[in-house]
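Below is one structure; the comments refer to it alone.
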Protein chains: 2
Amino acid sequence: MADARDIPVTPSEPPLRRGEGLAAWRQIADALAGEIGSGALPAGGQLPTEAALAKRFGVNRHTVRRALASLAERGLVRATQGRGTFVEQAPLAYPIGPRTRFSETVTRAGREAWGDLLGARVLAADAETAEALGLAPGAAVVEMLTRHRADDTPLSTARTSLPLPRFAAFDAAYARLGSITRAFGAFGVDDYTRLSTRVGARAASAEEAARLDIAPGRPLLTVTSVNVDGRGQRIQATQSLFSADRVELILE
Amino acid sequence: MADARDIPVTPSEPPLRRGEGLAAWRQIADALAGEIGSGALPAGGQLPTEAALAKRFGVNRHTVRRALASLAERGLVRATQGRGTFVEQAPLAYPIGPRTRFSETVTRAGREAWGDLLGARVLAADAETAEALGLAPGAAVVEMLTRHRADDTPLSTARTSLPLPRFAAFDAAYARLGSITRAFGAFGVDDYTRLSTRVGARAASAEEAARLDIAPGRPLLTVTSVNVDGRGQRIQATQSLFSADRVELILE
DNA sequence: GATGATTTGTTCGTATGTATC
DNA sequence: GGATACATACGAACAAATCAT
């Protein structure tokens with residue numbers, strides 16, 4: 001039966017150069033990456049099926065899969081079993097500076113921001129957290145595990161520690177207000193700034209990937225920061241994990 | 001002939017659980033990751049060959065390759081054609097500040113900094129570079145590919161574009177002086193500042209990994225920046241790739 | 001809700017190329 | 001040069017998830 005998908009996407013596909021030291025799967029990946037970059041394959045759009053691509057490039061389906069795996073590794077596409085392979089959205093520009101607010105950034109990008117409280121507990125601060133907050137080792141802190149979304153897409157997840165007793169029941173305020181800034185407001189903190197920020201990168205564990213709705217092993221930007229209130233008191237130590245596929249940090 | 005490699009590493013290999021929804025390659029990867037983590041397979045040591053592992057786990061060599069690919073993605077092992085597959089060394093961490101010159105930062109840390117010129121060419125700027133430098137599309141630029149080391153350990157590699165004709169033969173100055181700052185000095189630019197900086201993260205390609213002497217797939221911090229001279233003229237657009245295993249960015 | 005078609009995921013088999021020792 | 005070991009590619013089959021009917 002004739003089907004629209006049998007018609008090649010490009011009328012004249014340039015043939016692969018075989019036996020010149022450049023693997024076929026690499027040439028296919030480059031060709032597809034170019035079409036994504038040029039917009040010929042729009043963000044969110046579906047790629048042709050593996051079988052269709054194999055036919056188009058004149059190779060085995062394995063070879064196409066190798067090319068698609070390379071694109072998925074670069075974060076350009078994402079495959080879902082039973083559905084297909086889709087072009088990923090370009091990452092959201094996320095300004096990071098002394099006064100950046102997650103909710104403001106996302107709202108300014110025309111998307112709706114919300115933070116989910118995934119869990120909270122009171123515990124004795126570990127050495128690293130105590131030092132970051134300027135507390136005695138073992139001082140009590142409230143620790144929250146949160147996830148931050150823009151229009152239902154998780155952008156980051158964070159583990160935040162705040163000193164007690166000043167911020168007792170901060171987690172309840174956060175759960176109600178969905179924003180650190182608003183929760184601080186409820187505790188009389190109208191202004192806060194970043195004291196220090198460290199940025200690294202690593203691959204997501206299975207658990208982190210599940211929280212961010214990404215595949216395990218996808219790259220994360222790790223942002224470790226300390227916030228101070230208007231009087232210079234350290235009020236918050238946070239370890240944030242941003243999906244590098246969805247967020248790009250803009251340094252100010 | 002009997003060979004040491006014919007003797008199983010573990011005398012009693014627990015059989016793979018088939019048909020329980022957990023892919024065989026995943027179970028093999030988990031088993032090997034456990035042996036690496038426990039030190040049974042020491043850092044720098046060689047893994048059994050793919051054929052030996054296939055025999056040990058009772059699977060096809062493809063299945064072992066899938067497991068090894070997963071370990072390589074996580075940075076636990078590194079395969080070299082013709083030699084074998086080896087356990088990666090534990091990563092070294094190295095901090096670097098964002099607002100300082102690379103050479104100054106490294107020197108202040110008590111290490112010797114040098115930049116290698118890996119290649120250079122004159123070409124017409126692509127759309128992105130032209131916009132970053134404030135040039136007309138297609139304007140001529142000199143593009144350099146560089147690698148930056150601290151005490152012989154590669155920390156980053158970069159692709160830098162500078163406008164022509166102002167910076168003609170900049171690559172020769174860079175090759176001689178080993179530093180952007182010093183090369184700019186040779187062109188009468190005594191001061192320059194960062195106009196914008198974007199930070200992302202992704203996995204290293206094979207080529208990038210080779211330049212940085214890391215395993216392909218290891219995380220990279222991508223830093224895209226534009227520099228301006230003392231009069232605000234855009235003089236340099238750079239895409240830097242830092243090995244996230246060796247560098248953590250510190251924002252002040 | 002059940003079924004079948006579609007599409008990606010996994011596995012085995014086989015062959016050849018290429019780098020290293 | 002030969003042996004070894006990883007890299008690439010093709011072919012076939014079935015499993016698993018999704019979606020339209």
Side-chain angles (χ1 to χ4, degrees), chain A residues 1-6 15-30 32 45-73 76-88 213 215-217, chain B residues 1 3-6 15-30 32 45-73 77-88 205-207 209-210 215-217:
Chain A
M1 290 250 285
D3 189 318
R5 278 165 301 192
D6 290 337
L16 299 178
R17 296 194 311 270
R18 308 303 279 261
E20 297 184 23
L22 191 55
W25 67 262
R26 219 173 267 280
Q27 298 179 51
I28 294 168
D30 288 346
L32 294 175
Q46 182 170 9
L47 270 69
T49 68
E50 294 174 352
L53 289 172
K55 189 173 178 186
R56 167 181 158 190
F57 289 103
V59 298
N60 189 274
R61 185 170 147 241
H62 279 313
T63 309
V64 166
R65 280 182 63 77
R66 184 71 188 82
L68 291 176
S70 134
L71 295 179
E73 203 172 314
L76 269 58
V77 306
R78 181 175 189 179
T80 308
Q81 187 172 169
R83 290 216 311 135
T85 307
F86 300 84
V87 180
E88 285 277 58
D213 190 25
Chain B
M1 292 258 284
D3 190 316
R5 277 168 301 196
D6 290 334
L16 299 179
R17 296 193 310 271
R18 308 306 281 257
E20 295 183 23
L22 190 56
W25 67 262
R26 219 173 267 280
Q27 298 179 50
I28 295 168
D30 288 346
L32 293 176
Q46 181 171 9
L47 269 70
T49 68
E50 294 175 351
L53 288 171
K55 188 175 178 185
R56 167 180 158 191
F57 288 104
V59 298
N60 188 273
R61 194 176 134 241
H62 280 313
T63 309
V64 167
R65 279 180 64 76
R66 183 71 189 82
L68 291 177
S70 137
L71 295 180
E73 201 171 320
V77 306
R78 180 177 189 176
T80 307
Q81 188 171 164
R83 289 187 57 224
T85 306
F86 299 84
V87 180
E88 281 278 62
S205 71
E207 193 191 346

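All chains are named by letter (A, B, ...) in the order of the sequence lines, taking the proteins before the strands, and each is independently numbered beginning at 1. As the structure is a prediction and not an experimental result, all values here were calculated from the model.
The base of C:dT14 sits with one of its N or O atoms less than 3.5 Å from a complementary donor or acceptor on the side chain of B:His62. Counting distance only, with no hydrogens placed and no angle test, the side-chain atoms of B:Gln81 and the base atoms of C:dG17 include a donor-acceptor pair under 3.5 Å.
Projected onto DNA chain C by closest heavy-atom contact, A:Thr80 and B:Gly82 fall at different nucleotides, the more 5' of which corresponds to A:Thr80. Nearest-nucleotide assignment on DNA chain D puts the 5′-proximal partner with B:Ala79, out of A:Val59 and B:Ala79.
Across the protein-nucleic acid pair, A:Arg66 atom CZ and C:dG9 atom C1' stand 16 Å apart, rounded to whole Å. Nucleotide C:dT7 holds its P atom 14 Å from the CG atom of A:Leu68, rounded to whole Å. In this structure, CZ of A:Arg83 is placed 20 Å from P of D:dA16, rounded to the nearest angstrom. Per the geometry, CZ belonging to A:Arg26 stands 11 Å off P belonging to D:dA7, to the nearest Å. Rounded to whole Å, the distance from CZ on B:Phe86 to P on C:dT20 is 12 Å. The nearest whole Å value for the distance from the CH2 atom in A:Trp25 to the C1' atom in D:dA7 is 10 Å. Between the CD atom of A:Glu50 and the P atom of D:dA9 there is a distance of 16 Å, rounded to whole Å.
Residues that satisfy the salt bridge (Lys or Arg N to Asp or Glu O under 4.0 Å) test with B:Arg78, not counting sequence neighbours, are B:Asp213.
With contacts defined as side-chain heavy-atom distances shorter than 4.5 Å, the pair A:Leu32/A:Leu76 does not qualify. A heavy-atom distance below 4.5 Å is not found between the side chains of A:Leu71 and A:Thr85.
Proximity of B:Arg65 to the phosphate of D:dA7: a side-chain N or O atom is located under 4.0 Å from OP1 or OP2. Phosphate proximity of C:dT10 to B:Thr63: absent, as no side-chain N or O sits under 4.0 Å from OP1 or OP2. Note on B:Arg61: every side-chain N or O is 4.0 Å or more away from OP1 and OP2 of C:dC12. Look at B:Asn60 and you won't find any side-chain N or O under 4.0 angstrom from OP1 or OP2 of C:dT11.
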side-chain contact (heavy atoms from CB on, under 4.5 Å) evaluation trace for A:Ile28 with A:Val59: CA-CA 10 Å; A:Ile28 294 168; A:Val59 298; 3.8 Å; yes

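With hydrogens and angles disregarded, a donor-acceptor distance shorter than 3.5 Å links the side chain of B:Gln46 to the backbone of B:Arg83.
When heavy atoms are screened at a 4.0 angstrom cut-off, A:Ala51 is found touching no nucleic acid atom at all.
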